[in-house]
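Below, read A as the first sequence line, B as the second, and so on, with proteins coming before strands; counting in each chain starts at 1. Computed from a predicted model, the values in this text were never measured in an experiment.
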Amino acid sequence: MQKPIALLLSIILSLSVNSTLVFAASGPAGGMVGESAIVSEAVADQPQVHQISVADELTDAPVSPPTQDNDPKAVQGLQDGAALLSSPAGRDVSPLESSQENSLDSEPGSNLPTKVPMEITVDGGTASPTEAPINGEVLVSNDTTNVEMDPKLLMQNDPTFETIQLPTTAQTFADSQGIETTQASQSLQSFQSFQSSASSAPFELTKTVVPKADGGFMVRLEAYATSLITAGQYTYSPYGLRSNQLNYESGSNLWVEYEMGKYAQVTIVRVPATTPQTPVATTNPYFFENRDSLFERLPDGSYRAVQIVEISKNHYRYIYQDLTVETSGNGQVSLPRPLYISQHLFIYTYLVNGLPRELGRLIGPNAVFGTAFFKRDPVSPPPAGSFGDAYIKDSLSEYFAPLGADVSRIRVATAAYTGAGRFGPEAGYAGGAVSISADGKSFEIRGFDFVSNYVEEIQNPDGSPSGRGKKLIIEYPLTVRPGFLGGRSVPVTGAVSGVVQADAVLKGFPAAAADVPIPALTVQLSPINVYMTGSLTEEVMEQSARVLAGETRLDLSKAAVNYGLEAWQTRFIQIQKTLTQPGSLSSLIADETYHLEISLQSSGLSGAVKSADGVIRVFKPKFSFKDAEVWTGDAAPGQETLCNSLVGVQWSHGDIDSEAGGVVMHGQKPAPALDFEIPADVLENGRIAGKQDIPVTVRVTMGAWQVKLAQPAFMLKVRTGELTLEKTGGKEDETYVFNIRKDGDFYMTVALSGNGQMTIHELPTGTYEVEEEAAWAWRNSSGFSGLPRATVKLTGSETGSRATVTSVNSAIKNQQWLNDYSQASRTAGNSIPLALLNPAWAQTEKLEISG
Amino acid sequence: MKKRIQSKRIYRVAAIICCLMLMISLKTPNTMAWLSDGAEPVINSFYQSRVGCEVIQSFDPLTNQVRAAQIQNTGDIPVYVRIRLIVYRQNGRGEVIGGREQLPGFSPGEYWVRHSDGYYYFTRPLAPGEKSSQLITEMNLPVYPKNESQALEILAEAIQSFPANAASDTWGVVIMENDVTRSQP
């Protein structure tokens, strides 16, 4: 029942205290501040009746500023705490003003805390407050549902506050920092972005690219450090709220009131009095490993855990360095010095030349709030000696050729700052160690001390403006990477370009770009060879084109895939091809031409345009046939047989043979249709009747076209058979007559004289029967191997086309009468006299030639 | 007809006998003298009749025309003659080549008869040295291209005309004046 009453009184009192605090914070006099602080503390403690006595005692105490004013770290801590300060009345207290005033206006020694041990009795105990109360400085609650923190409220009228989204922590981050996983749900990326933005401030960097006459470029880098060099990082640290009021009750509960009616309850692990804890001190106010522990700020700015000794049940002793507070039962005590209760905060610190400085902090236990509140630290001169190992690193974009191993190509110089934004003349700088990466795509320059050479405006003794520090100047040539086709505003910088420390880019050079000329075009179109009646595709025409941009080949057939080039080669240009093709690309029967135009364009840059005319050569067929043999009497050869006379088809264009080396034909070789024709008058019942060679005409059809050929295309050489008749057993002066039947029909009659023989030439294939005319040769019996007639079959082959039959005279049938045979008298029409052809005949015959 | 032929033979035999007797009588004195001194040997000479014939023909190469074809009895006895006309084709090299050829038309001369066996018979016996009439007085051999030509081959056979059955036995025909018939078996 005591607590509600006390709270009500606290509210009333806090309103008054706040008003006073405002006055005190803005007041210029330290004494005034101290006085106000005391008053305010006395007023703040009004709800506790027994605190009046404390106030009375404090009235006698020496006036002193807050204890943290003496030490920069303490100032920092104060600032940190002040950054989170919010008055219950909603009026923000400027922590900057407070801290600066506390820090700058305090005389050395005057702000030392009172070292007189005091004992405050609460329910029998005592307390000795020595620090100015900063009620509600830290707003913390374990009960998030009860926390109502309005960032706008906190930031009101204080431009040094800024809000960022809570750093989202990945699981690993959460684990390493001991944050509840559910509370580490925001992205680490946003955290890093903040880190990056914070770290981009301390350097001034320029990067320019100037074209050279040889087509290359000269890159110039300038870098110098400004007065503030910041590298930021988040740290997750336990931090404490502090309060001058300590609420306690029987058991293990302590809580502080941070706002009217709102409490932060802290569970403290108490230790028995018999085993007192050894106070643990740390210089880092933000790293108390033990959660929910109580600690105090020591006069030197460090913090130390408060030793809690359990004297008896519900009776504890809080042993500060110089005071002891004992509590028993339930109650509340106003403390003369803030009691810090560790909590978990996100704190963003930055480094000023390597030293940590808090930039802002996140308020709230376990980071459950969606918004973090940060307060930036005012600019402070950096101490010397830090960032000495920062160096310049620059890299080339993929559009430029590697630098090579010759470091002399990189010129390094410095220029002193002369104030008013001006630098003096360049001076050679030999202190920088230039190293080029193995691939030649990046280089580093180490050794330039940005800290000692940081650039700053100063004043000469006479008050005129001057400057200090130097900038680093780097120049190196750039050549366009072979294969790059140029373009406007081509980035020259690769992945890393800036001031680097420990492999982290502190600040990057501004983006620089160059207008890389587009190389001249060469367009050559090779003749396209196609077969007559063949077809052509646009792709073939593109394949025949040889397009060079400089020395880089553009494969037009791969236009859809960046002309066969890699993306970097054409990233800044547009390639256009215009192909003017013949009217028809199919059934080509005559030469055609086509036109190709290639253009490379980059907006704002002179492009390249080139065109050429190409020729489509239509190769026409030349058919070669060979003569064939047929046998008189055989069936006329069919188309398939006649086609065997086709030796080959030669496709040519003028004197150019399609099979010649280096000649590339496009499309499939057509298969002409051949139709052979034999004159009908050489056939008889479908068989070869004549003995003269037969001309064969060929009609060639290719699609809808017919090819004219010299006719006849080839000859069928007609072969004939031979049948030799011979007589044995005959008489020299006798003649013998033979009748020959062919295929059953009478064919011809011939005569022999004596034991002679004769050959009948030019016989068609077929079956022949030879029979001697017995009516003529009546004197003797004769036969063919005992048969009255000989039968032979002449076939269309070399051996089968010849045959010999022999008529043998055997017994004399009749020798009774005298007879005589004349010599055969032969006369041939339409020829020269037989006697002239065969003188033997002339000798044996009486041939009278009339006329 | 037969009788006439037989009577002629009788006359001839008688004439031969007379001649022999005359010759013997002329020799008688010598023989007698030899007989007186010794008889001289008597030599009897026998001569075999010879049958022969030749074909005599005339050809005009300008017109491809056979203008004459006749048979002459080159033997020493009368004969009957017959002719086998063979036509075939020959090429420019004079070689016999195959092919069916038709005998060009012609009008057989006097006493020439074409029998059904295809032979031409001269229906009168030819005395030794005698020539038959022209079997062919005009025959146009056909004209062929490519130097091919039709060859006409004339085969002639003569057989003794006496006795008459010589021809019928061998040729199977009976030859009469302007007629040839098949002989009776």
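- In this structure, the portions of A/T749 lying under 4.5 Å from any heavy atom of chain B include both its backbone and its side chain.
- For the options B/D169, B/V66, B/I71, heavy-atom pairs under 4.5 Å to chain A are most numerous at B/D169.
- For B/V79, no part lies near chain A; criterion is any non-hydrogen pair under 4.5 Å.
- Contact tally against chain B (heavy-atom pairs below 4.5 Å) for A/K813, A/H761, A/R779: the top residue is A/H761.
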* **Evaluation steps, side chain to side chain donor-acceptor pair (under 3.5 Å), between B/N91 and A/E762** => CA-CA 9 Å; B/N91 59 22; A/E762 301 181 11; 3.2 Å; yes
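- Residue contact with chain B, scored on non-hydrogen atoms closer than 4.5 Å, is absent for A/E722.
- Note that CZ of B/R82 and CG of A/N819 are 8.5 Å apart. Values are rounded to the nearest 0.5 Å.
- Within the 4.5 angstrom heavy-atom criterion, no atom of A/S753 approaches chain B.
- Within the 4.5 angstrom heavy-atom criterion, only backbone atoms of A/F746 (N, CA, C, O) approach chain B.
- In this structure, the portions of B/S49 lying under 4.5 Å from any heavy atom of chain A include both its backbone and its side chain.
- More than 12 heavy atoms of other residues, nucleotides or ligands sit less than 6.0 Å from atom CD of B/E95.
- With a 4.5 angstrom heavy-atom cutoff, B/I86 touches chain A only via side-chain atoms.
- Contacts between A/W778 and chain B at a heavy-atom distance below 4.5 Å involve the side chain alone, from C-beta outward.
- In this structure, the portion of B/V87 lying under 4.5 Å from any heavy atom of chain A is its backbone and not its side chain.
- Heavy atoms closer than 4.5 Å to chain A are found nowhere in B/N140, neither backbone nor side chain.
- Residue contact with chain A, scored on non-hydrogen atoms closer than 4.5 Å, involves the side chain of B/R89 exclusively.
- Looking at A/S822, its side chain does come within 3.5 Å of a backbone N or O of B/A156 through a donor-acceptor pair.
- Heavy atoms closer than 4.5 Å to chain A are found in the side chain of B/I77, but not in its backbone.
- Two residues are said to be in side-chain contact when any heavy atoms from C-beta on lie closer than 4.5 Å; B/V96 and A/M758 meet this criterion.
- B/Y119 and A/E773 share a donor-acceptor pair across their side chains, judged by distance under 3.5 Å alone.
- Salt bridge A/K691/B/E148: present, at least one basic N to carboxylate O contact under 4.0 Å.
- Counting non-hydrogen atoms of neighbouring residues, nucleotides and ligands closer than 6.0 angstrom, the CZ atom of A/R802 exceeds 12 such neighbours.
- Residues A/L818 and B/I159 form no side-chain contact, since every pair of their non-hydrogen atoms from C-beta on lies 4.5 Å or further apart.
- Comparing B/G99, B/G52, B/P104 by how many heavy-atom pairs each has under 4.5 Å with chain A, the most go to B/G99.
- Side chain of B/E157 to backbone of A/D820: no donor-acceptor contact under 3.5 angstrom is found.
- Inter-residue side-chain proximity for B/P163 and A/W817 is flagged as met; some heavy-atom pair is nearer than 4.5 Å.
- When heavy atoms are compared at a cutoff of 4.5 Å, A/D745 approaches chain B by way of both its backbone and its side chain.
- Side-chain atoms of B/R84 and A/Y821, non-hydrogen and from C-beta on, never get closer than 4.5 Å to each other.
- Atom CD of A/Q639 is surrounded by more than 12 heavy atoms from other residues, nucleotides or ligands within 6.0 Å.
- Using modelled atom types, no side-chain atom of B/Y88 and backbone atom of A/M748 make a donor-acceptor pair closer than 3.5 Å.
- Looking at B/E54 and A/Q823, their side chains never come closer than 4.5 Å, going by heavy atoms from C-beta outward.
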